[in-house]
Amino acid sequence: MRDPVFSARDILAGKAPQDTTVKVRGWVRTRRDSKAGISFVQLVDGSSLQPVQVVAPNTLPNYADEILKLTAGCALEAEGRIVPSPAKGQPFEMQASAVKVIGWVDNPDSYPIQPKPHTLEFLRDVAHLRPRTNVIAAATRVRHTLAQAIHRFFDENGFYWVNTPIITSSDAEGAGAMFRVSTLDLANLPRTSEGAIDFTKDFFAREAFLTVSGQLNVEAYCLALSKVYTFGPTFRAENSNTSRHLAEFWMIEPEIAFADLSDDATLAERLLKHSFRHLLDARAEDLAFFDERIEKGLVAKLEGIVASEFVRMDYGEAISILERAGENFEFPVKWGVDLQSEHERYLTEKHVKRPVIVMNYPKAIKAFYMRANDDGRTVAAMDVLAPGIGEIIGGSQREERLEVLDSRMAEHGIDREHYGWYRDLRRYGTVPHAGFGLGFERTIAYVTGLANVRDAIPFPRTPGNARY
RNA sequence: UCCCCGGUAGCUCAGUCGGUAGAGCAAGCGGCUGUUAACCGCUGGGUCGCUGGUUCGAGUCCGGCCCGGGGAGCCA
């Protein structure tokens with residue numbers, strides 16, 4: 001038997017049969033009454049941006065008692081025939097023969113989601129109800145489709161998805177402050193004879209934290225399965241209060257064996273182009289909405305990225321461009337300093353006006369695991385910078401030579417005892433390999449035009465905020 | 001953590017020189033209409049973030065605190 005329930009998306013696309021009654025379920029966006037004896041109820045179920053118009057006649061038994069009392073947010077099941085709409089605004093509509101109220105809104109004048117523009121800041125304060133808005137629902141669909149596109153890209157290219165651990169004991173991964181994971185009683189901590197906290201009494205018999213990156217672990221699988229990636233949550237306990245940082249965010253980290261930095265950059269470019277292409281094809285309605293309401297020219301921007309070559313430049317080249325820029329930078333530019341936000345913005349927003357890949361940074365400002373170049377002063381690192389959001393990818397070729405890795409760890413003051421297994425990878429069949437981290441929320445922000453990554457994740461975690 | 005801006009009705013905001021609270025939307029009621037963020041009229045709705053101070057009188061001026069946003073740093 002055919003399922004009589006159809007989504008708004010299918011009904012509006014004309015995919016629901018017109019020779020029989022069907023059902024649609026969702027939440028009321030607006031209700032308008034006509035004295036001709038009918039009410040128009042706009043019903044949203046998340047399957048599309050556009051609502052289904054349910055036309056409810058006053059001959060329905062619950063018309064006066066219930067339908068005339070519907071307010072935004074009420075949950076309904078409507079049954080009726082799908083017909084071509086006689087009015088503008090929608091291709092099809094439902095002529096309801098029954099409308100069942102599944103869930104009322106208790107106190108309509110306090111229901112926060114109204115058919116009007118809300119600020120994104122306000123919506124963050126009602127994070128449990130904001131998915132009922134167009135903008136957050138659309139961002140949620142984009143997030144889903146982008147994730148699917150990324151998985152599909154890797155699958156089609158012979159990569160394996162590796163679920164690296166969320167709890168780690170690597171205490172110096174170097175990517176930021178970490179959240180501690182412990183079952184010790186904070187009010188009664190076990191002590192060693194020297195008075196320090198005795199972590200051998202803790203759950204893992206050692207200090208443990210939430211991961212700041214799956215990279216080190218995924219390298220082990222890379223050096224066995226050749227092409228792998230992680231896609232999962234990542235945690236940084238930094239007190240960062242910006243539009244592009246979260247304490248809990250999702251990151252995609254591919255790692256490829258027998259590969260150098262150039263292969264890495266090529267992979268990054270292919271991944272982004274493939275994903276954006278798929279998104280443009282599969283989420284055209286939502287992207288058009290973002291183009292109209294959030295960032296004018298968004299679709300043309302994405303089309304342009306898919307069609308053009310990413311600009312690649314060496315760090316040294318970037319420095320000379322910035323030195324010749326004639327801009328009055330707050331932080332002066334010279335070889336050896338890290339690029340500041342204002343420098344990255346100039347490069348990507350003014351100089352090339354597209355994503356740009358900056359490669360081969362001074363080794364003094366980069367992590368210990370990045371491969372030392374032959375020039376003795378740079379490492380094979382790269383950042384992909386995007387207009388408006390800044391760094392969306394950070395990656396590198398990894399140092400595969402044990403002696404060099406050891407000396408780099410010594411320079412960084414890292415205890416090699418903590419990295420015994422990581423060093424083993426360089427002792428047993430080491431090969432050149434490379435990878436990068438793609439910030440998922442930053443990418444969503446970029447493709448939607450949303451200015452804040454807090455609107456690109458369902459329940460954002462930031463300093464002082466984990467209420468929902 | 002630092003710098004800047006802000007906090008007034010459910011939401012978005014106005015509030016002049018310090019004189020006792022306003023609009024639009026939402027909600028409730030009524031009118032009108034195959035309507036389209038409908039429209040028109042009426043009604044209800046306020047701890048002016050909290051706290052202390054100055055003053056005859058504070059949404060408004062001053063101090064402290066809390067919360068939010070933007071920018072910087074850290075980074076994805």
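Values below: all heavy atoms of this structure, side chains included; hydrogens, waters and symmetry mates excluded. As the structure is a prediction and not an experimental result, all values here were calculated from the model. Chain naming here is simple, since letters A, B, ... match the order of the sequence lines and numbering starts at 1 in each.
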Residue among Tyr221(A), Phe153(A), Phe154(A) satisfying ring pair (Phe, Tyr, Trp, His ring centres under 6.0 Å) with Tyr229(A): Phe154(A)
Heavy atoms under 4.0 Å, any strand shown: does [X] hit a base, just sugar-phosphate, or nothing?
X         : value
Arg29(A)  : nothing
Leu246(A) : base
Thr443(A) : nothing
Phe122(A) : sugar-phosphate
Ser243(A) : sugar-phosphate

Rounded to the nearest angstrom, tell me the gap between atom [atom1] in [X] and atom [atom2] in [N].
X         : N       : atom1 : atom2 : result
Arg467(A) : rG68(B) : CZ    : P     : 11 Å
Glu344(A) : rA72(B) : CD    : P     : 10 Å
His118(A) : rC11(B) : NE2   : C1'   : 6 Å
Leu450(A) : rG69(B) : CG    : P     : 15 Å
Leu68(A)  : rG28(B) : CG    : C1'   : 14 Å
Ile252(A) : rA76(B) : CD1   : P     : 13 Å
Glu121(A) : rC13(B) : CD    : C1'   : 14 Å
Asn241(A) : rG68(B) : CG    : P     : 9 Å

Minimum-distance nucleotide (side-chain atoms of Phe249(A) versus rC75(B), rA76(B), rA27(B)): rA76(B)
Minimum-distance nucleotide to Ser341(A) side chain [options: rU1(B), rG28(B), rG73(B)]: rG73(B)
Ring pair (Phe, Tyr, Trp, His ring centres under 6.0 Å) contacts in which one or both residues fall within residues 103-134 of chain A, not counting sequence neighbours: His118(A)-Phe122(A), His128(A)-Tyr468(A)
Footprint string (nucleotides 34-42 of chain B, 5' to 3'): B base within contact, S backbone only, - free, heavy atoms under 4.0 Å: BBBBB----
Answer yes or no: does a side-chain N or O of [X] lie under 4.0 Å from OP1 or OP2 of [N]?
X         : N       : answer
Thr242(A) : rC75(B) : no
Asn452(A) : rG70(B) : yes
Arg244(A) : rA72(B) : yes
Ser240(A) : rC75(B) : no

So, using side-chain contact (heavy atoms from CB on, under 4.5 Å) as the criterion, who are the partners of [X] when residues are at least two apart?
X         : value
Ala381(A) : Tyr361(A), Lys366(A), Met370(A), Val379(A), Ser396(A)
Glu79(A)  : Thr21(A), Lys23(A), Ser97(A), Ala98(A)
Glu269(A) : Lys273(A), Glu309(A), Phe310(A), Arg312(A)
Thr164(A) : Val162(A), Asn217(A), Val218(A), Thr230(A)

With [atom1] as the reference atom in both, quote the distance from [N] to [M] in angstrom, rounded to an integer.
N       : M       : atom1 : answer
rC50(B) : rU33(B) : C1'   : 49 Å
rG63(B) : rA38(B) : P     : 46 Å
rU8(B)  : rA23(B) : C1'   : 13 Å
rU55(B) : rU16(B) : P     : 23 Å
rG70(B) : rA27(B) : P     : 29 Å
rC25(B) : rG18(B) : C1'   : 31 Å
rC2(B)  : rC40(B) : P     : 50 Å
rG45(B) : rA21(B) : C1'   : 13 Å

Ring centre gap for Phe231(A) and Phe159(A) strictly below 6.0 Å: no
Gln114(A) (side chain) and rG10(B) (base): donor-acceptor pair under 3.5 Å: yes
What protein N or O atoms touch nucleotides 43-49 of chain B N or O atoms at under 3.5 angstrom, if any, and at what distances?
none

Cation-pi, Tyr446(A) ring and Lys301(A) (6.0 angstrom, 45 degrees): yes
Phe436(A) and its side chain to side chain contact (heavy atoms under 4.5 Å, CB included) partner, picked from Leu271(A), Asp383(A), Leu261(A): Leu271(A)
Given Pro51(A), Ser7(A), Ser48(A), the one that forms side chain to side chain contact (heavy atoms under 4.5 Å, CB included) with Leu12(A): Ser48(A)
Counterpart residues, ring-ring contact (aromatic ring centres under 6.0 Å, His included), relative to [X] (two or more places apart):
X         : value
His433(A) : none
Tyr422(A) : none
Phe179(A) : none
Phe290(A) : none

Counting only Watson-Crick or G-U wobble pairs whose two distances fall under 3.5 Å, which nucleotide matches [N]?
N       : result
rU1(B)  : rA72(B)
rU55(B) : none
rC25(B) : rG10(B)
rG18(B) : none
rC39(B) : rG31(B)

Nearest-nucleotide comparison on RNA chain B, the residue closer to the 5′ end among Phe331(A) and Gly437(A): Phe331(A)
Most 5' of Gln340(A) and Ala247(A) on RNA chain B, judged by nearest nucleotide: Gln340(A)
Phe440(A)-rA76(B) aromatic stacking (under 5.5 Å, under 30°): no
Considering only nitrogen or oxygen atoms on both sides, find all protein atoms under 3.5 Å from nucleotides 64-66 of chain B and state each distance.
none

Check: Ser47(A)/Asp45(A) side-chain N/O donor and acceptor closer than 3.5 Å: yes
